[in-house]
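What follows is a set of notes on a single structure, which appears directly below.
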There are 4 protein chains.
Amino acid sequence: MARIVKAPEERRAEIVETAGRLFRKHGYAKCSVEMIIREIGVAKGTFYYYFKSKPDILEAIVDKTLSQIVEMASSVADDPSLSAMQKMAALLGNSHIGDDDSLEVAEMLHLPENRELHELTNIQTVLQLSPILAQIVEQGIGEGVFEVERPLETIQFLFTGAQFLTDGGMFGFSEAELRTRRLVMQTIIEKALGSTPGSFDFMNPIRAVE
Amino acid sequence: MARIVKAPEERRAEIVETAGRLFRKHGYAKCSVEMIIREIGVAKGTFYYYFKSKPDILEAIVDKTLSQIVEMASSVADDPSLSAMQKMAALLGNSHIGDDDSLEVAEMLHLPENRELHELTNIQTVLQLSPILAQIVEQGIGEGVFEVERPLETIQFLFTGAQFLTDGGMFGFSEAELRTRRLVMQTIIEKALGSTPGSFDFMNPIRAVE
Amino acid sequence: MARIVKAPEERRAEIVETAGRLFRKHGYAKCSVEMIIREIGVAKGTFYYYFKSKPDILEAIVDKTLSQIVEMASSVADDPSLSAMQKMAALLGNSHIGDDDSLEVAEMLHLPENRELHELTNIQTVLQLSPILAQIVEQGIGEGVFEVERPLETIQFLFTGAQFLTDGGMFGFSEAELRTRRLVMQTIIEKALGSTPGSFDFMNPIRAVE
Amino acid sequence: MARIVKAPEERRAEIVETAGRLFRKHGYAKCSVEMIIREIGVAKGTFYYYFKSKPDILEAIVDKTLSQIVEMASSVADDPSLSAMQKMAALLGNSHIGDDDSLEVAEMLHLPENRELHELTNIQTVLQLSPILAQIVEQGIGEGVFEVERPLETIQFLFTGAQFLTDGGMFGFSEAELRTRRLVMQTIIEKALGSTPGSFDFMNPIRAVE
DNA sequence: GATGAATGAGAATTCATTCAT
DNA sequence: TATGAATGAATTCTCATTCAT
């Protein structure tokens, strides 16, 4: 095959992107290095030039995904013009607000990922996003819309439940079942954060429309 | 190797038990059939005499674990002499009440299991235990100690959060961190179920002592 | 399972019969001893009580099949009331003459058998049946209907061609192709044995009807 | 083991050649991949780098053998300077005419091959060589040396008989028995093709000498 | 930087056969 | 005679990783 030289950064990014896509589609364990390099059209050696092992690239993918999520969340959390409630809506809502080519946080979190990737990213997402959300909760307490003692741990618990329960098909729920669960989730979140019933309606847009 | 004949059920149970232990210790994928049979001291053929494939025994293990959990929970839930709150305490509390040789539900749920086993049992546990707990909540509503609209879905959400967040090391929390999380969980549960603050103190016995 | 005691002869015959049927259906190599004993409903040990190995029973099956074929052919060949041509028709024709429950020679020879069984029985059939057919040819020479120098070898060659070419699907011929081949076979046989054209019409009954 | 890199075609050919030799010697089923790679001195992975399964290489061997046979036969059949009878002699005769390093067709056909390889190549040989021989027969009809109605089917039948009957030891004939059979085959072929007795004497060179 | 042939340690699974009961 | 649990060598195939070019 023709040897195609690329800038190292570009080649590395290409491999991460492709591997990530394939891992999400077929699962980490079922994805051989062979599959990845065939998809890209490079040689085996090239893969091992950039990554010293297969677990190595898994880490790179999780890191990349998370930094994207965190960056987006941070930019919202740090926006001084938004109220706590608006920030919550922006981060947890289901409607597109801005750009088209970038996924929204809520969407990113629900990609039909697989086990290994899933668990790793789910956990890291909870751990890294919780402080950001907790900070918003603190802001909300100041604004008088939330009342809760331990924002970080509370957010962590709620986030974990939400993430794992309604996440990419782990539980095998139907669409209707998922809707009910999201409604209940909203109620629990409102109670746990001590906010007005209905204040998290943005989580269930259809019901809000009804 | 010497041929040691055993009663089929005994041999089968022996294999399930050993495989379960090794899966929990090293993970399903990293545990070869070779490891299992070497541990027991039987031939490979013996393994395949009882289980037709490796996934097959994984299923057997999950089934066994779950039926134990469900059986125990049911016996508590069906006891007419106990109040809803007593049942909750019995199922979610951390103190041993009865027999010594059998694990309590709460303990079973927190075994340091691995991915495959983990996810499978976690999910099934939530799905199968939720109705039983929901039924107790209904009883509690009748007794005036709970107030909640959708017991099943509420329980499912709370259970999922609890299960995944404080479960065998997935999140890598320290003991202190786990304690804080359990405290918060208690508060959220009390709020979500509409019960008196402090009524779920049994979840955090040490704090109760303090 | 209940232990069912049978007369040794009966049990042995039962195993041979069942194994033969399965070998013909799935092939010798693909048929495990397990399959055979499960089909009969006896234990592994029982199989090995009657046959010391798997190849052993293959031989028993071939022997049995062949002795049936040879016996039937002999009874025809030895019938003093039939002419050579009548005997040929009886042995190679495609129409049923007598009993219903026993297969005719021609039919037996074309069972859709598998490789191992196939080759073994084909070869043995050719070797054991050839002398009998050769003897009929000798009779025919005496009766003035055949003219050929070396009946045995001639028969052997013709038989081999017929057996392997039109046999159970080895060549993958369609029904139409098989018909054409049978027509040509008839011509060659007539020429090789020096008999009148059309004298072997019984081999192609449909054409005879046309 | 030392890593010896070779040109892919060379390595592939080496594996096909070695596997072919071993299959012919011990039989396809009794030849493990292990045996093959040990004989060549490469790693297991190397085998599976070139062939995706064991049946895969069987096919490669049969293909290679057949294309050699067909190529040789075609070059003879297409030679405009030869008469039909000369072509027959060239293809079916037992004496070497030309090159030394390549096996003659007749020899190739009689290699002591095993079941699977045997049956597959025998059948394919008959199917692929028949049209070429039939074409020669047509030429012979034009030249007035043959007289036969259905050349293709006739050739197929004769070829099948010859191939299987005198082929590498299937029937276990002695040299003397084989000689007699070849003599008879000659007669039958002459009769079936309607050619002059003795015109196929090249098939039995020793007798011709006698 | 890039290639791709080569490696080889294992993995799961099969199955004819044995033998204690 | 009969049972069926137990054996274990053998087999095919996978795949992360290495390394000569």
Side-chain angles (χ1 to χ4, degrees), chain A residues 1-8 11-12 29-37 41-56, chain B residues 1-8 10-12 29-35 37 41-56, chain C residues 1-8 11 29-38 41-56, chain D residues 1-8 10-12 29-35 37 41-56:
Chain A
M1 193 176 282
R3 167 187 292 223
I4 295 166
V5 182
K6 291 196 180 181
R11 191 37 50 96
R12 206 191 127 92
K30 284 190 183 162
C31 247
S32 61
V33 172
E34 179 67 29
M35 272 180 74
I36 299 168
I37 58 126
V42 299
K44 276 258 175 74
T46 308
F47 178 91
Y48 281 92
Y49 181 77
Y50 286 97
F51 302 93
K52 76 174 218 299
S53 73
K54 205 186 160 196
D56 215 54
Chain B
M1 196 177 278
R3 176 182 291 225
I4 296 165
V5 181
K6 293 196 180 180
E10 191 183 341
R11 195 29 60 89
R12 207 192 126 92
K30 285 191 184 160
C31 246
S32 64
V33 172
E34 178 67 30
M35 275 179 71
I37 58 132
V42 296
K44 233 176 225 169
T46 307
F47 178 92
Y48 283 94
Y49 181 74
Y50 287 96
F51 302 93
K52 75 177 214 301
S53 73
K54 206 186 156 195
D56 215 55
Chain C
M1 191 176 283
R3 168 186 291 222
I4 296 167
V5 181
K6 291 197 180 181
R11 190 38 47 98
K30 285 189 184 163
C31 246
S32 61
V33 173
E34 179 67 30
M35 272 180 74
I36 299 168
I37 58 125
R38 207 167 40 213
V42 299
K44 275 259 176 73
T46 309
F47 178 92
Y48 282 92
Y49 181 77
Y50 287 97
F51 301 93
K52 78 174 217 301
S53 75
K54 204 186 160 196
D56 216 55
Chain D
M1 195 177 279
R3 176 182 292 223
I4 295 166
V5 180
K6 292 196 180 180
E10 193 183 341
R11 193 33 56 91
R12 206 191 127 92
K30 286 192 182 159
C31 245
S32 64
V33 172
E34 178 67 30
M35 275 180 71
I37 59 135
V42 296
K44 228 172 233 174
T46 307
F47 178 91
Y48 282 94
Y49 182 74
Y50 287 96
F51 302 93
K52 74 178 214 302
S53 73
K54 205 186 158 196
D56 214 55

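Just so we're on the same page: letters track the sequence lines, and every chain starts at 1.
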Length of the line joining C:Phe47:CZ and E:dC15:P, which is rounded to integer Å: 14 Å

Return the value, rounded to whole Å, for the distance between atom NZ of B:Lys30 and atom C1' of F:dT14. 18 Å

Closest to the 5' end of DNA chain F, once B:Pro8 and B:Gly45 are matched to their nearest nucleotides, is B:Pro8

Nearest-Å distance for atom pair CD1/P, residues B:Ile37 and F:dT7: 9 Å

In Watson-Crick or G-U wobble terms, with both distances under 3.5 Å, the base opposite F:dT21 is E:dA2

Contact nearer the 5' end of DNA chain E, comparing C:Cys31 with D:Ala7: D:Ala7

Could you report the tightest heavy-atom contact between D:Phe51 and D:Arg12, atom names first, then the distance? CE2-NH1, 3.4 Å

Whole-Å gap separating P (F:dT17) and CZ (D:Arg3): 14 Å

Separation of F:dT7 atom C1' from C:Glu34 atom CD, nearest Å, is 14 Å

Once you round to the nearest 0.5 Å, how far does NZ of A:Lys6 lie from CZ of A:Arg11? 5.0 Å

Under 4.0 Å from OP1 or OP2 of F:dA16: is there any side-chain N or O of A:Ser53 that close? no

Measure from the side-chain N and O atoms of A:Lys44 to the backbone N and O of A:Val33, and report whether any donor-acceptor pair falls under 3.5 Å. no

Nearest to the side chain of D:Ala43, heavy atoms from C-beta on, is which of E:dG8, F:dT18, F:dA6? E:dG8

Is A:Arg11 near enough to E:dG1 that one of its side-chain N or O atoms lies under 4.0 angstrom from OP1 or OP2? no

G-U wobble or Watson-Crick pairing nucleotide for E:dG10 (cut-off 3.5 Å, both distances): F:dC13

Expressed in angstrom and rounded to an integer, what is the separation of B:Ile4 atom CD1 from E:dT18 atom C1'? 16 Å

Can you check whether A:Thr46 has a side-chain N or O nearer than 4.0 Å to OP1 or OP2 of E:dT3? yes

With sugar-phosphate meaning primed atoms plus P, OP1 and OP2, does A:Tyr50 contact a base, only sugar-phosphate, or nothing at under 4.0 Å between heavy atoms? sugar-phosphate

Has the side chain of A:Lys44 got a donor or acceptor atom sitting under 3.5 Å from an opposite partner on the base of F:dT17? yes

Reckon B:Tyr48 has a side-chain N or O less than 4.0 Å from the OP1 or OP2 of E:dT14? no

Please tell me which of the listed nucleotides, E:dG1, E:dA6, E:dC19, lies nearest to the side chain of A:Tyr49? E:dG1

Is the phosphate of F:dA16 approached by A:Lys54 (side-chain N or O, under 4.0 Å from OP1 or OP2)? yes

Can you tell me how far P in F:dA20 sits from the matching atom in E:dG1, rounded to whole Å? 22 Å

Does F:dT7 have a Watson-Crick or wobble mate here (both distances under 3.5 Å), and if so which one? E:dA16

Between atom CE in C:Met35 and atom P in F:dG4, what is the gap in whole Å? 19 Å

Rounded at 0.5 Å granularity, tell me how far CZ in A:Phe47 sits from NZ in A:Lys52. 11.0 Å

With rounding to the nearest 0.5 angstrom, report the OG1 to CD1 distance, C:Thr46 to C:Ile37. 8.0 Å

Phosphate OP1/OP2 of E:dA11: any B:Ser32 side-chain N/O under 4.0 Å: yes

d(CZ, C:Arg38; C1', F:dT3) in whole Å: 17 Å

